[in-house]
Amino acid sequence: MIIIFDIVFFAYGVYTVYAAISMKKNQRLTRFFTGRESDAIRDARGYIDAIYGKTIVMGSMAALFGALGFVNDCVTPVLFVMKPLMLLFLTVVIWFGIKLNQAKRKFW
């Protein structure tokens with residue numbers, strides 16, 4: 001992949017994990033997780049509990065994908081790892097999107 005994408009995926013993953021931990025600790029939503037104002041939510045704690053673990057999985061997967069992509073591009077090719085990892089990453093992205101939409105429908 002292009003190195004800038006590797007860096008973006010890694011940074012997104014690290015920030016997502018950080019934001020999820022901060023959200024759980026403070027029990028406050030940010031626009032990063034809602035995409036809109038969080039005043040309209042019916043049950044913020046329920047929403048946070050519903051997406052916390054899933055967000056950690058998504059962020060960790062993005063950080064891993066970015067880090068291994070960088071290694072693949074700059075250090076040594078690991079094509080036998082990158083192809084299955086790309087499929088796993090896309091699967092996690094789709095799964096996360098579905099779970100996020102389900103949580104929004106339930107708690108908004």
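In this structure, the separation between OG1 on T16 and CE on M23 is 10.5 Å, given to the nearest 0.5 Å. Here the straight-line distance linking atom CD1 of I21 with atom CG of N26 works out to 11.5 Å at 0.5 Å rounding. Atoms CD and NZ, from Q102 and K54 in turn, are 8.5 Å apart once rounded to the nearest 0.5 Å.
Among all heavy-atom pairs drawn from V81 and L68, the shortest one is CG1-CD1, 4.1 Å. In plain terms, the two heavy atoms of F10 and A63 that are nearest each other are CD1-O, 3.3 Å. Shown here for I48 and R28, the closest heavy-atom pair between the two residues is CD1-N, 3.9 Å. Nearest heavy atom pair, residue F70 against residue I3, reads CE1-CG2, 3.7 Å. Counting all heavy atoms, side chain and backbone alike, A62 lies closest to G13 at CB-CA, 3.8 Å.
Linking ILVMFWY side-chain heavy atoms closer than 4.5 Å, directly or via other members, places L85 and V92 in a single hydrophobic cluster. Follow the hydrophobic side-chain contacts under 4.5 Å out from M86 and you reach I2 in the same cluster. Residues V75 and F80 do not share a hydrophobic cluster, defined by chaining ILVMFWY side chains whose heavy atoms lie under 4.5 Å apart. A continuous path of ILVMFWY side-chain contacts below 4.5 Å connects Y12 to M82, so both sit in one hydrophobic cluster. Taken together through direct or relayed side-chain contacts under 4.5 Å among Ile, Leu, Val, Met, Phe, Trp and Tyr, F5 and L88 form part of one hydrophobic cluster.
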> What's the verdict on side-chain contact (heavy atoms from CB on, under 4.5 Å) for M61 and F96, showing C-alpha distance, side-chain angles and the deciding distance?
Replying inline: CA-CA 11 Å; M61 189 67 221; F96 181 70; over 6 Å; no
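The only member of V93, I51, V17, L100 that meets side-chain contact (heavy atoms from CB on, under 4.5 Å) when paired with M58 is V93.
Between N72 and D6, every side-chain heavy-atom pair lies at or beyond the 4.5 Å cut-off.
In this structure, F65 and F89 have parallel ring planes: the angle between them is below the 30° cut-off, well short of the 60° mark.
For the pair K24 and Y52, the cation sits on the ring face: its NZ or CZ lies under 6.0 Å from the ring centre, inside 45° of the axis.
Side-chain atoms of R42 come within 3.5 Å of backbone atoms of K106 as a donor-acceptor pair (strictly under, hydrogens ignored).
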